[in-house]
Amino acid sequence: MVTGAEISPREAEVLELVGAHLSNAEIAARLFISVRTVESHVASLLRKLGVQDRRALAQRAPTPAGAPSHRAPVLPAPLTSFVGRVSERTELTGLIKAHRQVTAVGPGGVGKTRLALAVAAEAAGGYSDGVWFVDLVPVTDPDMIATAVAAALGLGEQPGRDMTESVVAALADRHALLVLDNCEQVVHGVALLIERLLARCPRLTVLATSRARLMVPFERVYAVPPLSLAVDESDAVALFMDRAAAVGSPLDPPPRDQIAAICARLDGMALAIELAAARYPTLGLDGIAAALSHPLRMLTGGSRADERHRSVRAALDWSHALLAPADRALLRRVSVFVAPFTAAAVAEVTGDEEGMVADGLARLAEQSLLVVTASPGGTEYRALETIRQYATERLAEAGELVDARSRHLRWCLAEAAGLAVVRQDWRARFDLMADDLRAALAWAADRPEQRADAYELARHLAELTFTRHLTGESQRRYEQAAELATDPAATASMLRQAAAVAGCRTTGDDMYRLRLAAADAARGAGDTAGAAADLATAATIAFRFSTTFVRLPSLEEALALITEARESAGDDLAAQAAVALAEAAVLTDAFGAAQGPAGNAVPETIARAERAVELARRTGDPLTESAALDALTGAQSWAGDTFATAATARRRITLLASLPISPAGTHELIDALGIATEAGLGAGDVPGARRWARQLAGHPSLAEIGHRATCRLLMVAALAGDVDEVLPGSVRFLDAWRRAGSPARSILAPAVAGVAMVHGLRDDHGARREWLEILDQLGTSPEHTYGYGAVFDAMLLLHHGRAPEALERMAPEPRQVWKWVTWIWHHWYVALRAEAAVLAGSPGGRDCLAEARAVVAGNPVAGAIVERAEALLDDDQEALLAAADAFDAADCRYQYARTLVLAGGDHAERGAAVLAGLGLAPMAPAPASTMTSER
């Protein structure tokens, strides 16, 4: 075990949070670093502590002396002290211990939020996985509730999965308290989310605050009472005195009876009392009592709860009336901001001089009408929701609502446009203003006269949320922009962008639907060629991305789209290129689609793919050409031309490398990196495959889906025997896969099989069984049986000296299963099969070697495997050592070490040392005599 000095302070922080069972995303949120940085620290800790997985790492996490066993609550820190409410805290604490969902209900200003925060802080020790607080004030769209909760949990968006599912998965096995504050404006959406959470997260407790019940099963309602008015132990009096002292005017001695009378007139409402106390330095108790007398005479009739609500309104009316006219106007106008705002932002929205605005905001803060906080970007202000709603009503009464919101909308447009070019602190700046952008769009989208600005803001927000990796929202915003556009051509453009984002989310059904909708919009714009390209692209999507569909379009449906597209394409080059690609995809199944034919007419497939590439190249559009090159990659693969396949895949990377970030470009690049990795590995280019796989693993758009990000890198590392990359990479993979709900995606299976093999090479049978169980969950496919499954199984069997079993595992001739082994695995399958035949003493071993040599010629790794097998057959140690050098040059340390062991003698000792350095178990020695009868 290493000493503590060998672990950096940041690694120690990460280790402690791993021990608290936080996910990488949660650790990143807690420490304000990226998920990728957390993964790097976890990988480093695995190496330094000499453990194999995250579970073992968590067991090595220290518990600081005297530290509580629970995690620190993730709660906002109030700026003022919490006063009184001893009995209420006790009652509410008891309720959340006894019931899984409690709603603290009461009118605005009664103190629901502060009570919930106090109770949550006190109860935190009872929840081993912590307390999470979500402020729903800025949320007006029910679809954004789960996004707000995910942000509080430190979760990012996972393509192919909505935010609600991500939240449910993150909390599924957590013993935690979730506080949802200010639910009233999205009460129905909150109710739906809570129902799902309660049903699928058995150890989760939800405490909500709202002005109305949520009406969900198992809800227990707690009516938050006003502050107690008892003369001897009045919480209301204590609050007044505390707040008066806070503004520099302590009451000594305290005239309790006079304060109690004021608090009684305010019905014990916390917000009203705080507003009154803020006026004490200027009015005194007599002045406050006199000022309150007149407005409170209106409080007659109605229920007690209504009276309490009106008492807050009366206090607000009174505080508002005492403001100077300019300060009243300022309070009204800042109500358009739903997120914290700066004086500079207010000045831009109101058109006033910034210095005057800052002075006015300070005066409003002095009267407790605004809350002030310091931030890295400067002083920020915000209004409590009750005050903001009151100010909004005043804005409407003054006839200024439309003008103020229009100014706010224009400010949001300018800020959104500015964010598009900002580089430094981009994420923080976007997060600061995102809620205002959403609120401005929600208001403008329903007003016909604001439709043009609403369209622009929706488009900007779609682009910004894509950059922020909120791909689900980005797709919705692009679709919203399409609905708001007045020009059908703009509608078509937005729908195409939405389809590209859906591609990044791996939701084939949406890609297909949106491309068909784009075709309809293009027809409406009179763009028949554009419509033809959209129809053809939809047909291509159905086959190129068939594994991402829930409802897979049929062959007949795709053929009908191609026919219609062909008839409408005319002489337009882009449309013709799209049709040519669709024909390659559908007619000759260049992509090996789920609904494609069992066999390919290889010459026709290549011819159609090459035609698609030529037409795409002539369009001058790199994205169009990349898609066509993808078809050619598949066609060359089916033809068994491994090196041409790898070269074409590299062309795609070169073509896309310098393109600016966009949904379509990101989708193509991620696909291209994956294909280039696999094609490079198939051709024996291990360094190139590793380079592209690492680029893919580090791509920011895959940060929250580590299983997809790392699956290719794990495959490369396993085949090369890079245990130091497999072990930490498998931790990231498994953590992300489980957080994603353990999806059964076939693309993940080779990585899982590779990890299982590496654990087998390490003689870690328990870990191997665990990974084989995961492989079973992913499902068995022909590729597993004859492709990667056979290759990984054969490598493990040969390592343990079980050559006859390896040969039996690879019994089918390659040409019998060509479509499933031609892709990455063809050369590996052929070469390992030849080695198994030699080591098993097969009578056809030499013939097998001759056939294999012809197939793998030019592949440095597969070629070296064949040369090693022939050297073993001929008992040629010099050739064996030459093969070892070839493996070393090809960056395959495992095969290098294996060859030295097979060479025997001192070489075997050196090879065993290399295997041990890789963390692998000793391998079985070569047979004493290998096929001497055939020499």
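This structure is a prediction, so every number in the text was calculated from the model and none was measured.
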### Query
Is the backbone of Arg85 close enough, under 3.5 Å, to the side chain of Asp235 for a donor and an acceptor to pair up by distance?
yes
#### Entry: Flag side-chain contact, heavy atom, 4.5 Å: Glu88 against Val224
no
### Query
With Phe430, which residues qualify under ring pair (Phe, Tyr, Trp, His ring centres under 6.0 Å), at least two apart?
Trp426
#### Entry: Donor-acceptor contact below 3.5 Å, side chain Glu353 vs main chain Met356
yes
#### Entry: Thr373 and Tyr381, any side-chain heavy atoms less than 4.5 Å apart
no
### Task
Using atom types as modelled and distance alone, determine if a side-chain donor or acceptor of Arg394 lies under 3.5 Å from a backbone N or O of Arg332.
no
### Task
Report the C-alpha separation of Leu207 and Leu180 in whole Å, then their side-chain angles, then the decisive distance to 0.1 Å, and conclude whether the side-chain contact (heavy atoms from CB on, under 4.5 Å) test is met.
CA-CA 6 Å; Leu207 172 59; Leu180 301 177; over 6 Å; no
### Message
Rounded at 0.5 Å granularity, tell me how far CG in Leu153 sits from CZ in Arg174.
### Response
8.5 Å
### Message
Closer than 3.5 angstrom, by distance alone: can the side chain of Glu380 be matched with the main-chain N or O of Pro340 as a donor-acceptor pair?
### Response
no
### Query
Is the closest side-chain heavy-atom distance between Tyr222 and Leu115 below 4.5 Å?
yes
### Query
Listed by chain and number, what are the side-chain hydrogen bond (donor to acceptor under 3.5 Å, both in side chains) partners of Glu473, not counting sequence neighbours?
Arg438, Arg477
#### Entry: Which residues share a ring pair (Phe, Tyr, Trp, His ring centres under 6.0 Å) with Tyr280, sequence neighbours left out
none
### Message
Using the rule given for side-chain contact (heavy atoms from CB on, under 4.5 Å), can you reason through Asp435 versus Val139, listing the C-alpha separation, both sets of side-chain angles and the distance that settles it, and then say yes or no?
### Response
CA-CA 7 Å; Asp435 287 324; Val139 180; 5.5 Å; no
## Note on the structure
Separation between CZ (Arg114) and CG (Leu239), nearest 0.5 Å, reads 8.5 Å
### Task
Report yes if some heavy atom in the side chain of Arg388 is under 4.5 Å from a heavy atom in the side chain of Val338; otherwise report no.
yes
### Task
Give me the one residue out of Leu192, Val187, Ile194 that meets side chain to side chain contact (heavy atoms under 4.5 Å, CB included) with Val190.
Ile194
### Message
Closer than 3.5 angstrom, by distance alone: can the side chain of Thr467 be matched with the main-chain N or O of Glu463 as a donor-acceptor pair?
### Response
yes
### Message
Looking at every heavy atom in both Ala404 and Val349, which two are closest together, and how far apart are they?
### Response
O-CG1, 4.3 Å
### Task
Given side-chain contact (heavy atoms from CB on, under 4.5 Å), test Leu369 with Leu275 step by step and report yes or no.
CA-CA 7 Å; Leu369 293 167; Leu275 291 172; 3.7 Å; yes
### Message
Could you check whether Asp181 pairs with Lys112 (Lys NZ or Arg NE/NH1/NH2 to Asp/Glu carboxylate O, under 4.0 Å)?
### Response
no
### Summary
Smallest heavy-atom separation, Leu171 atom then Cys201 atom, equals O-CB, 3.5 Å
### Task
Rounded to the nearest 0.5 Å, what's the gap from CG on Leu409 to CG on Asp436? Could you check?
11.5 Å
### Beyond-backbone contact of Val346 with Arg333, side-chain heavy atoms, under 4.5 angstrom
no
#### Entry: Minimum heavy-atom distance Leu419-Met433, with the two atoms named
CD1-SD, 3.3 Å
### Message
Determine whether Leu197 and Val149 satisfy the following criterion, side-chain contact (heavy atoms from CB on, under 4.5 Å), listing intermediate values before the conclusion.
### Response
CA-CA 12 Å; Leu197 288 172; Val149 177; 5.8 Å; no
### Query
Is there a donor in the side chain of Gln101 and an acceptor in the side chain of Thr205, or the other way round, less than 3.5 Å apart?
no
### Query
Between Val372 and Thr379, is any pair of side-chain heavy atoms under 4.5 Å apart?
yes
### Message
Does this structure show an ion pair linking Asp403 with Arg407, if we count only N-O contacts that are shorter than 4.0 Å?
### Response
yes
### Side-chain donor or acceptor of Thr103 paired with backbone N/O of Val221 under 3.5 Å
no
## Note on the structure
Correct closest heavy-atom pair for Ser234 and Ser228 would be OG-O, 3.0 Å
### Message
Is it the case that the side chain of Thr465 and the backbone of Ala462 share a donor-acceptor pair, with hydrogens and angles ignored and the cut-off at 3.5 Å?
### Response
yes
#### Entry: Exercise: identify the closest heavy-atom pair between Ala150 and Met163
CB-SD, 3.8 Å
### Query
Within the side chain of Ser210, is there an N or O that forms a donor-acceptor pair under 3.5 Å with the backbone of Ala212?
yes
### Query
Is any side-chain heavy atom of Leu401 closer than 4.5 Å to a side-chain heavy atom of Thr392?
yes
### Query
For Arg476, which residues count as a salt bridge (Lys or Arg N to Asp or Glu O under 4.0 Å) partner, sequence neighbours excluded?
none
### Message
I'd like to check the salt bridge (Lys or Arg N to Asp or Glu O under 4.0 Å) partners of Arg382; sequence neighbours left out, ordered by chain and number.
### Response
none
### Task
Measure the CG-OH distance between Leu395 and Tyr390 for me, rounded to the nearest 0.5 Å.
12.5 Å
All N/O donor-acceptor pairs, side-chain side in residues 440-447, below 3.5 Å, sequence neighbours left out:
from   : atom 1 : to     : atom 2 : distance (Å)
Arg447 : NE     : Glu449 : OE2    : 2.8
Arg447 : NH2    : Glu449 : OE2    : 3.1

### Message
Taking Asp327 first and then Arg363, would you say they form a salt bridge - that is, a charged N and a carboxylate O separated by under 4.0 Å?
### Response
yes
### Task
Measure across Ala116 and Val179 and return the closest heavy-atom pair with its distance rounded to 0.1 Å.
CB-CG1, 4.4 Å
### Message
Quick one: does any side-chain atom of Ser474 pair with a main-chain N or O of Leu470 as donor and acceptor, under 3.5 Å?
### Response
no
### Query
Between Phe341 and Trp411, is the gap from one ring center to the other below 6.0 Å?
no
### Query
What distance separates Ser701 OG from His469 NE2, expressed to the nearest 0.5 Å?
6.5 Å
### Task
Report yes if the side chains of Ile288 and Phe240 come closer than 4.5 Å at any heavy-atom pair, otherwise no.
yes
### Message
For the backbone of Asn182 and the side chain of Thr209, can you confirm whether one donor and one acceptor N or O come within less than 3.5 Å of each other?
### Response
yes
### Summary
So CD1 of Ile273 and CG of Asp242: to nearest 0.5 Å the spacing works out to 12.0 Å
